[in-house]
Each structure stands twice: as structure tokens, then as C-alpha cells.
Amino acid sequence: MPAREQLLEVAGREVKITNPDKVFFPRTGHTKLDLVRFYLAVADGAVRGVERRPMALKRFVNGAEGEFFFQKRAPTSRPEWIQVVELHFPSGRSAHEVVVSDAAQLAWIVNLGCIDLNPHPIRADNLDHPDELRVDLDPVPGVSWPQIRDVALVAREVLTDFGLEAWPKTSGSRGFHVYSRIEPRWTFGEVRRAAVALAREVERRAPDLATSKWWKEERHGVFLDYNQNAKDRTVASAYSIRPTADARVSTPLRWEEVADCEPAAFTIDTVPERFARLGDPWEGMDQTAGSLEPLLELAEQHEAAGFADAPWPPHYDKQAGEPDRVQPSKRRAGTPRPAGIVPPPAPGKTAGPTGRRRSKMPLIEIARAATQAEAMEGLERWKARHPDVWARLDPPDVLVDSMRGRSTVWYRIRLNLRNVPEPERPPQEPLEVDYDPWAGLEDPRRLS
């Protein structure tokens, strides 16, 4: 009979691992205990990435292919040596979040089903002033990995030119991360403002490769997600295992490795050996804190030239100086009047690709799925049935959205058929994947 629990001695403490043989990665066979052993093997680097930072617990209680939920509040039943700190969020609410400072605390949260680690960019002793500027490179569908690497190198060039040291790592997913340590002197709003200026400067230097545009219909290439620096946003930290089929790891690199790196090379199986052989490339990061003043001066120049603030995420309050949160295709001048159409829903659904909103774009919906992998599998099936249509689509025409459910994220895929002649456009068909995040919940806002 499989062991129901196993006790580990970690950092002078006894940590209980429940259900150690539970498989968390079905396609590779890695168990919960394998996850714990991985994090202990790279503990110096993994703890450095989260040390003394409040952390949202992203829990995969049914493994990497199951649903996850974010738990901001630390479990009430916890060892006395688990540290917490109270955070206040933009919504006005507050919560006591876990703070990790050693390998025992790290093993304890992994036992809760946390596959990746999601700390805030602040330390527990200074909750209002971030000490990290995070550059999150998010490619639009169809962008190749070499282009992402090229944009990372441009981001490094910009950071260096503005007095900051850049530290690269793979995201463990489709994108790439570049961090800079900063002095904890600026507010979240100021750090985000600097990130917007940085994104616009990277776009200016590499206009064919990168974009700072928030609206997906305007994006091309690699999007620099400046909003990851807004308050209450978290990013998978260094040495985080990601919930991918092959258990990839968000791996710190040296810059000389970036031009030739391949994300598939860094997994739960390969990174411990790499760590033992090379150590942590980010070991010296804490000694390199720099000033945001040069980037904030660039932001002032942008504003003097007429640049407005960039859009914020939709669940944030409207900010002073922020433009209207309206997609470019829906902006209207003069007397307001209905424009476009409400795309028809898929058979059996009451809401279509835009909900109740009108659109000038010919959109169809392909999938609603619990995981991005399932949604993409549905897209592959659609592509196989419509190869001639697919050949006419550009990468920005594939809209992959992460949507908020009750306590989890689900995924929607839509296609913009603007480049397909109207007589050749396929109709809205039944969804390839038909997931209802509101199943069993009586809620008038549910999407059905």
C-alpha cells in the first residue's frame, strides 16, 4: 500500500509530506515527493528567489493537469515556524500571506500542492516599495523562440543603458523573464511607470520584434507585460517548476547562454545537475540594486511628448491619466451609435466570442477549456479541418485569453477571420472544447 505520509528532516525541522507517491505529472510520472526533492536540491537558488517575500499559494491539489486555485490567505492550520505577513490589496481587502525564508518552509508549501512559486516583488519588512523590476516577455501565438531571445537581449541593452543590471531566466512556459534589482524607494505605481517606459523603449528599438501594446488586437511579436509590475501581481520565481507536460523549470541563466538556450532543456530532471555543476547564476543579484530615476526620467519625456498612461488590468480602478479602457476596434468618434455586430454563439451556447459586446471584427470561438493545453489541442483539431483558412491567419489573429472563473483560471481561444475573404469564412461551429467554469453555480453572470 502506498505511503500516506513521509517525514523529512529539512533545515533542522521535521516536515511532513502527505501522499508522497501521488503523481503530479502524469506524462512523466513525477510524484509530489519528486517535486519536494527537486526544490531541496536547488534550495539555495529557489529560496533566494522568494526569500522574505509574501507569496500567493498557487495550489494544484490534483496535479499539473488538474485545476488550480490561488490561495492568498495562509492556511490557519500551519506549523508555528511558518511566517506570515499581512498584505493590503487594491480591492481594499487584506490577507496574511506565507513568507518563505528557508528550505523547510519551502518544502511545506510544496506539500500543499504548489508546483510553481509566486512571490510578490516586495520584502516582508517593506510592503509598499518593490525591490524588483520584472520584465515579462509574452509572445503572441506563432512567435518563434529565437525572436523571444532576441527581444530579451534588447531588454538587457535598454536596462543597461538606463543604469540597471539585467538578470535573465526562462519562464518555464512560452515566454522569458528579465529581472533587475532596484532600491526599495519607489511605490508600485512608480515601478509600473518605469516598466511602461522600458517597454516603449524596447519597442522603439525593435519595432518589428516587440510591442508595448496592451490590447491583443494591436499586438505583434513579443509583448512586454508592464502590468506585471502593478500591485498584487505575481510572477513564477527562479527555479519554479511549471505545470507543463514535461515539468519544465523557470531557470536562471547567464547572459552568454541566452542566445542559444532552449526552454525544453531545463526540466525537473536536468536542472538539479546543472545547479550542482554551475551553481546559481543569480547568486549575486541582491548586491546589484540600482536606481529607477533614469527610467522615470524617460517616462517624463514620453509624457511630455504626448504619451498617455498605458492601460491597466480590467479589475483595477481607473487610474488618473489612464486612457479609456476600450479596445481600439470599439472606439467611436462623434455621436455614440451601435457599430459592428454581436458575433453568434456556438451551438448550445447563449454567449458568443464577445459576450454581449459588438465587434467590427469577424470573430469565431474555438474552445473554452480548463487548461491551456486542452484549449490548444482543440485549436489543433480545428486547424486540421480548416487548413486553407488557417493558412490565411496571422499570429495576432489567434486570441488566447486566460479568463477568471470562481477561483481558478480557464482558457478561451478565438480566431479573427479578418484576412479570410467573407465567402470563405467558416461559420461558428460547436466548440472543440466546451468547459463551463460556472458549472453547478447559480450566477446570472455565468457564461453559457
Side-chain angles (χ1 to χ4, degrees), residues 56 58 70 90 116 118-122 130 132-143 145 147-156 158-159 164 166-180 182 188-207 209-238 240 242 250 263 292 295 298-299 302 307-316 319 322-323 325 327-328 372 395-396 398-404 409 411:
K58 185 181 178 184
F70 277 103
D116 49 14
N118 292 268
H120 294 271
I122 47 176
E132 285 183 344
L133 175 67
R134 297 172 172 179
V135 183
D136 182 12
L137 304 183
D138 184 12
V140 306
V143 169
W145 179 250
Q147 182 171 337
I148 300 168
R149 294 184 308 209
D150 289 345
V151 175
L153 294 169
V154 177
R156 180 202 188 188
V158 173
L159 287 166
L164 294 172
W167 300 82
K169 72 179 176 75
T170 64
S171 74
S173 185
R174 297 178 58 249
F176 199 89
H177 298 156
V178 182
Y179 283 23
S180 283
I182 58 175
F188 277 95
E190 290 169 322
V191 175
R192 178 189 173 277
R193 183 167 168 247
V196 172
L198 170 70
R200 287 170 170 167
E201 177 63 13
V202 172
E203 180 180 39
R204 185 187 70 81
R205 297 190 188 190
L209 302 178
T211 181
S212 65
K213 303 296 188 295
W214 173 255
W215 299 107
K216 290 187 177 181
E217 63 187 47
E218 291 187 304
R219 293 181 193 173
H220 69 277
V222 179
F223 170 53
L224 289 93
D225 190 354
Y226 53 84
N227 272 328
Q228 293 291 18
N229 294 276
K231 188 173 184 179
D232 198 26
R233 300 300 287 265
T234 61
V235 177
S237 64
S240 283
R242 305 308 303 277
S250 182
L292 275 186
L295 277 177
L298 178 64
H302 288 168
F307 286 83
D309 187 11
W312 288 66
H315 58 287
Y316 283 71
Q319 305 292 312
E322 181 188 2
R325 292 183 190 171
Q327 291 175 235
Q372 187 169 2
V398 182
L399 308 176
V400 182
D401 305 304
S402 58
M403 313 291 288
R404 290 181 179 269
V409 173
Y411 295 87

For the atom pair [atom1] ([X]) and [atom2] ([Y]), what is the distance rounded to the nearest 0.5 Å?
{"X": "S402", "Y": "Y411", "atom1": "OG", "atom2": "OH", "result": "6.0 Å"}
{"X": "T234", "Y": "H120", "atom1": "OG1", "atom2": "NE2", "result": "6.0 Å"}
{"X": "S180", "Y": "L198", "atom1": "OG", "atom2": "CG", "result": "8.0 Å"}
{"X": "R242", "Y": "D116", "atom1": "CZ", "atom2": "CG", "result": "5.0 Å"}
{"X": "D138", "Y": "I148", "atom1": "CG", "atom2": "CD1", "result": "8.5 Å"}
{"X": "Y179", "Y": "D136", "atom1": "OH", "atom2": "CG", "result": "8.0 Å"}

With a 4.0 Å cut-off on N to O distance, would you call E201 and R204 a salt bridge?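 R204 and E201: salt-bridged.
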Strictly below 4.0 Å, N to O, side chains only: are K216 and D401 in salt-bridge contact? yes
Is there a side-chain contact between [X] and [Y] in this structure, where contact means two heavy atoms from C-beta onward sitting under 4.5 Å apart?
{"X": "V400", "Y": "Q372", "result": "yes"}
{"X": "V235", "Y": "N118", "result": "no"}
{"X": "R192", "Y": "D309", "result": "yes"}
{"X": "F223", "Y": "K213", "result": "no"}
{"X": "L295", "Y": "L164", "result": "yes"}
{"X": "F188", "Y": "P121", "result": "yes"}
{"X": "R205", "Y": "V158", "result": "yes"}
{"X": "P119", "Y": "S237", "result": "yes"}

Does R174 make a cation-pi contact with W145 (under 6.0 Å, within 45 degrees of the axis)?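 No, R174 does not sit over the ring of W145.
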Do you know the tightest heavy-atom contact between [X] and [Y]?
{"X": "L159", "Y": "A166", "answer": "CD1-CB, 3.7 Å"}
{"X": "V154", "Y": "A206", "answer": "CG2-CB, 4.3 Å"}
{"X": "P311", "Y": "Y226", "answer": "O-OH, 2.9 Å"}
{"X": "A194", "Y": "L292", "answer": "CB-CD2, 3.8 Å"}
{"X": "T211", "Y": "E218", "answer": "OG1-O, 4.5 Å"}
{"X": "A210", "Y": "L224", "answer": "CB-CD1, 3.8 Å"}

Are V191 and L133 close enough, and set up right, to give a side chain to side chain contact (heavy atoms under 4.5 Å, CB included), and what steps lead you there? CA-CA 7 Å; V191 175; L133 175 67; 3.9 Å; yes
Sequence-distant partners of W214, ring pair (Phe, Tyr, Trp, His ring centres under 6.0 Å), two or more places apart: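 Once residues adjacent in sequence are excluded, W214 has no partner under the ring pair (Phe, Tyr, Trp, His ring centres under 6.0 Å) criterion.
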Side-chain donor or acceptor of [X] paired with backbone N/O of [Y] under 3.5 Å:
{"X": "H302", "Y": "R200", "result": "no"}
{"X": "N229", "Y": "R134", "result": "yes"}
{"X": "S250", "Y": "T170", "result": "yes"}
{"X": "E132", "Y": "I182", "result": "no"}
{"X": "S173", "Y": "G175", "result": "no"}

Step-by-step side chain to side chain contact (heavy atoms under 4.5 Å, CB included) determination, V135 to H177: CA-CA 6 Å; V135 183; H177 298 156; over 6 Å; no
